[in-house]
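Residue numbers start at 1 and run along the sequence shown. Note that these values count all heavy atoms, side chains included, but never hydrogens, waters or copies made by symmetry.
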Amino acid sequence: MKTDERKSSLKVVHKHGPCFQLNRDNKAKSTISDAEILRLDQSRVDSIHSSLTSKKQSGSLDDINETNASVIIPAKDGSVVGSGNYIVTVGLGTPKKDLSLIFDTGSDLTWTQCQPCAGSCYKQKETIFDPKLSKTYTNISCSSPLCGLLKSGTGNSPQCDSSTCIYGIGYGDNSESVGFFGKETLTLPPTDVFPNFLFGCGQYNKGLFGGAAGLIGLGRDALSLVSQTSGKYNKIFSYCLPSSSSSTGHLTLGNGGGGISNSVKFTPLSTMSQRPSLYGLDVTGISVGGQKLSIPASVFSSSGTIIDSGTVITRLPPTAYSSLKSAFQQQMSQYPPAPPLSILDTCYDFSKYENITFPTISFSFNGNTDVELDEKGIFYAGEPTQVCLAFAPNGDDSDVAIFGNVQQKTMEVVYDVAGGKVGFAPGERLAKTTTKSDTVMNMYLSIWVSFLCCESCDVSDEKKSALKVVHNHGPCFQPNRDNKANSPVSHEETLRLDQSRVDSIQSRLRSKKQSGSRGGHIKETDAANIPAKDGGVVGSGNYIVTVGLGTPKKDLSLIFDTGSDLTWTQCEPCVGSCYQQQETIFDPKVSKSYINISCSSALCSSLVGHFAGNTPRCSSTTCVYGIQYGDSSFSVGYFGRETLTLTPTDIIPNFLFGCGQNNQGLFRGAAGLIGLGRDPISLVSQTAQKYKKIFSYCLPSSSSATGHLTLGNGGGFSKSVKFTPLSTVSGGASFYGLDVTGISVGGKKLPISASIFSTSGTIIDSGTVITRLPPTAYSSLKSSFRQLMSKYPTAPALSILDTCYDFSKYTTISVPVISFTFNGGTEVSIEKGIFYVNKVTQVCLAFAPNGDDSDVAIFGNVQQKTLEVVYDVAGGRVGFAPGVVHNHGQCFQLNRDNKEKSSTSHVEILGLDQARVDSIQSRLSSKKQPASSGGRGDIKETDAAKIPVKHGSTVGSGNYIVTVGLGKPKKDLSLIFDTGSGLTWTQCQPCVRSCYQQKETIFDPKISKTYTNISCSSPLCNSLQSATGNSPRCASSSSTCVYGIKYRESSFSYGYFGRETLTLTPTDVFPNFIFGCGKRNHGLFGGAGGMIGLARDSISLVSQTAQKYKKNILLLPPIVFQHHRSPHTRQRWRRLEICLDVTGISVGGKKLPISASIFSMSGTIIDSGTVITRLPLTVYSLLNSTFRQQMMQYPTAPALTILDTCYNFSKYNTIKVPKISFTFNGGTEVNIDAKGIFYVNKVTQVCLAFAPNGDDSDVAIFGNVQQKTLEVMYDIAGGRVGFAPGGCS
């Protein structure tokens, strides 16, 4: 292309395609699925619709002068990034650094991730921009008028850090960027340089940016690239999007001075009053096959239309879409239809056709501009058997229509912003055109279904306060009605969240609440840094009530939860961060009745006993609470008093609650949580004088219905209520306990011993979805139920639900009634709470077993849905009455009629439900945790220190834990030990940004007499490069050396590099041990305090204790040795890894015919942190085949994720298993016994514990399942590793 100084043209590539250079560099990168693309696309559309349903915030756009920037702004509304498919490369800084940025006509602010990532940075493909290396970067000050531009450019008011201006922007998929607002030199290829370009230097960034370094804003605001370069390019730009992910397009700024081509057809730009920076169009009609559709002009004028580079699928008003679809289907009737593809409901199977005849589609815009789409703008292809019409309807005719990028792909789109027009021309300048194979994509999604809201459970009584209850994903939740584009949550997501809730309950109930003070003064922003050790239970938080808070009152939608006590809501100014909620956030400054509770108040100190077992802290003189839930959601903030309004006549002054300043998690848009437990701080206790500690609820029978939460009992209890005494569960006094005495199926009482339920105990919980039973009770229930349902065909299991049926061929179903008998002879029949419905072909028994008969049973909300549940807390009883107001029919019938289908994945719901159950069991278990002492009895000083090793399940990790002492006086810490890591680190107070939840209190170096920081100038600081793979940095406020280490799955630790006294046993003490004192830590460490590095690096525990232990670990004769290979023989591994030379594998005594070159090509490491042994693909195939041949007498079971060879041993008392042995260099043979051969999920699913790598060249890994019954000895100084049989037994 000919260059022109009056325009700048940038190459555009698809960020997931091979033309994105970084994807080429990373050959192992997997392509993004179409399902993910469309999911992100819907997030973007939802965000656009949400942003257009309220008035835009005001803000000045005049007088641009100098300024500066920083972190920690709540992202309230923000822009829209969605799937952010298209990337351009620009230069930033002096000297310039090339950065790949998403370009977006729906955003204004340009930003990129910046070092030192004071908060956190997501993984990007290029190195992160470092402003310290640029000669031209300057911060913008808070006092500069430029700082004020951020309000209109991001939708959020700027904040200050010292004197630096801070921006914050959030996107529709909860991605966000927060950082310093600055000026820098921007270079647009090839030679256009713009000094003092305003942009965001992101210090805290998270989200779905797909490895791009940030985003370029092309909107109409003063901060956009279009406006900032207007002096040169006159606010003119155009783009030609790549026609496929494997082709390139361009983004051109300016028109080259030669004018705009005559082939461009222009239409006037319109302005959306709610978001003036978006590009509006006036659609006047649509034609199919040359015939204009009969769509009233008012349909498009009432909704308005925008053109957007980031939205994939064009969205139309439902009336317009219906007309388009009908006409298109009529003209395509000769082709066989295919199943819908997510939001795309008009699909065809073209697999048997070579040529397709299809009608043209054209759009008419204001100014008599007609734009015809070609096939690439008409179809979206899942695969040849599923090619779909690439349009989708909005939820309502009032929602803004969006002209998406599929329809723009084959055009040159020209924006003459100064001239107030946008134009379209045939895309003649594409670098490559799409072929048929280029358009074939893989996409398997579910149909998006909308619901109607039916009012039910209508309760009114002047003597009691009744609140409407709605499902927080359903249309009866008012913010969902207001935001009609809101997408429902998938069943997988619901079940996953529910499992987290269950895990949290189990965790709470397995051990007594922790106590202890964490004194010390904290600054106001430190309110976010209270570690939540134990916490409550929120999980999927399905049920919502709306209450008023403050004077004047602000209505807030809160999750109600009988398993929690503290009520809290998100509060401005969100000093830490706030998740995205559907209503505006409560601002205590606007209320006349809010007051903080002081640290000296008795109420503050009572927090530790009242909820979560967390000691309150102080911010200045204000009491600070902190609570964390089982799915790692949390809330931290000020403890205060406020006026609570339940109904217009039920007003509670001085209500104690949490005003959350740092809140994260899966609260699904609700503003917070109402605690209905038994503790004095719960709503039930605080309103006891008025309502006598009596409340009841009728849960909605579906997400489309309403229920109620009622406080008080009005004129007394109905005679239909059957009561049973409340009991108290040990370790969980706040929970509501029940005494189950029996279960009946089909009228027959099951033969379950009374001791089964008395041993475990039972609670009733509003937040757990699926009822959990002791395994013995569940087995009896399942067996009886299956027997009575044997005439119906079975269906595959659904996550934890293993008894499922296919009812697709039946109009009526005969289902046995299930009833529970409680203490006092109270019998409660379950009718509509028996099934959990995924689809009509998969309807499952809605009960699941606990892991052990000693785990507490939980009566879940599926079984409560058709009942009125009455809690008479003062009277010590709970009652059940038939929920006649919920007469909406059987759940499976509703799903069959598609009136009740939710897109939440059931696997996800059940996963979270199990997490909640595990948490309850954990807290209630009477089993004592292993002691964390360093030794056993009186240990004399020797040359070996024996440290007890516990399985990580004691802290919630799948890895292995040792307990060591750190500091003087020593503090015992449970650390994961890892032969693949060099650095030892632990979490340290005061957690500057955040710490994950660990089971023990966090180490505080201020309390130790022997802690010292290591300075940047020390040679020790430089040793971090080899141990962590990252160059050390210096703390700007001091000369202290700062480490940073990242693990897989985005886990990481950052902090100060220091020295401390390490105690392994009472007599093995090491002064000046070098370790990391983690100030910001995140990830899947499962409650451990940190990590012990046992690799070969100079700062590993092995090396630092070499003088005493001679670099030997776990020596216990007799032992056979295998010399490990030099790390230099495989340069692509870090030299930390311990390498082995495998020479063969035998199964059942026969050596497999494996070529020696296979293992020598891949190499093998031994690793304590990898669970399943990974083998080269060729080797695994031989092992798998031989093993299956020798196990063919046993019935197979379904695969378990990566484990594809599984068996059902439920009918066998003894199993004959072929021995597997590994031969290493030097003829060393190591036999693996049955415990190292199998990975056991359950007796019906026992799997071969080996898995293949993706390629024969990938390194093999000898994992910890195979090491479990061996004593493994590392003689690093001697260059060998050894194995002894059963040394640990």
Side-chain angles (χ1 to χ4, degrees), residues 15 67-76 78-81 84 87-93 97-104 107-134 137-140 146-147 149-150 153-162 164-186 197-217 223-225 574 576-578 992-994 1033 1036 1044 1046 1050 1052 1054 1080 1082:
K15 71 172 180 178
T67 49
N68 259 308
S70 173
V71 188
I72 309 181
I73 281 190
K76 295 179 293 185
S79 305
V80 287
V81 70
I87 301 289
V88 292
T89 301
V90 300
L92 198 66
K97 171 171 174 49
D98 285 337
L99 296 170
S100 299
L101 305 179
I102 296 166
F103 83 85
D104 187 10
S107 296
D108 296 296
L109 178 71
T110 296
W111 61 266
T112 188
Q113 299 197 109
C114 287
Q115 294 287 8
C117 292
S120 68
C121 286
Y122 60 84
K123 187 176 181 180
Q124 71 176 55
K125 300 208 173 168
E126 300 145 326
T127 55
I128 294 174
F129 179 72
D130 191 341
K132 288 182 181 175
L133 302 181
S134 173
Y137 177 83
T138 57
N139 280 326
I140 290 170
L146 289 173
C147 189
L149 290 175
L150 286 170
T154 65
N156 297 310
S157 299
Q159 292 205 17
C160 282
D161 181 17
S162 300
T164 302
C165 183
I166 301 238
Y167 78 91
I169 188 165
Y171 301 94
D173 58 0
N174 293 321
S175 302
E176 63 183 306
S177 177
V178 181
F180 301 116
F181 192 39
K183 293 180 184 238
E184 184 53 283
T185 298
L186 176 73
F197 181 75
L198 302 173
F199 81 113
C201 201
Q203 295 295 310
Y204 177 78
N205 318 285
K206 69 173 186 177
L208 304 170
F209 300 106
L215 186 142
I216 282 186
L223 276 183
S224 75
L225 175 69
C574 293
S577 67
C578 286
V992 173
R993 177 71 186 176
S994 68
R1033 294 183 171 271
S1036 56
K1046 292 186 179 180
S1050 301
F1052 60 80
Y1054 296 93
R1080 184 162 188 274
H1082 173 78

Indicate yes or no: at least one non-hydrogen side-chain atom of L92 is less than 4.5 angstrom from one of L186. yes
How far does CG of L101 sit from CD1 of I87, to the nearest 0.5 angstrom? 7.5 Å
Kindly compute the distance separating CD1 (I169) from OG (S107), expressed to the nearest 0.5 Å. 5.5 Å
Calculate, to the nearest 0.5 Å, the distance between atoms CZ and SG belonging to F199 and C114 respectively. 5.0 Å
Just wondering, do L150 and N156 contact through their side chains at under 4.5 Å, heavy atoms? no
So CG of L149 and CG of L109: to nearest 0.5 Å the spacing works out to 10.5 Å
Looking at CD of Q203 and OG of S177, how far apart are the two atoms once the value is rounded to the nearest 0.5 Å? 9.0 Å
Taking all non-hydrogen atoms of both residues into account, name the closest pair between C201 and Y137 and its distance. CB-OH, 3.8 Å
Would you confirm whether T110, through its side chain, and G217, through its main-chain N or O, come within 3.5 Å as a donor-acceptor pair? yes
Of all heavy-atom pairs linking A213 and W111, the shortest is O-CZ3, 4.1 Å
Quick check against the 3.5 Å criterion: does T112 have a side-chain atom that pairs as donor or acceptor with the backbone of G214? no
Taking C-beta and beyond as the side chain, do Q115 and R1033 meet within less than 4.5 Å on heavy atoms? yes
Polar side-chain atom of E126 near backbone of S100 as donor-acceptor pair, under 3.5 Å: yes
Quick one: does any side-chain atom of Q113 pair with a main-chain N or O of Y122 as donor and acceptor, under 3.5 Å? yes
To the nearest 0.5 Å, what is the distance between SG (C117) and CG (N205)? 6.5 Å
Any donor-acceptor pair under 3.5 Å from K97 side chain to D130 backbone: no
Closest heavy-atom contact between V88 and F103? CG1-CD2, 3.8 Å
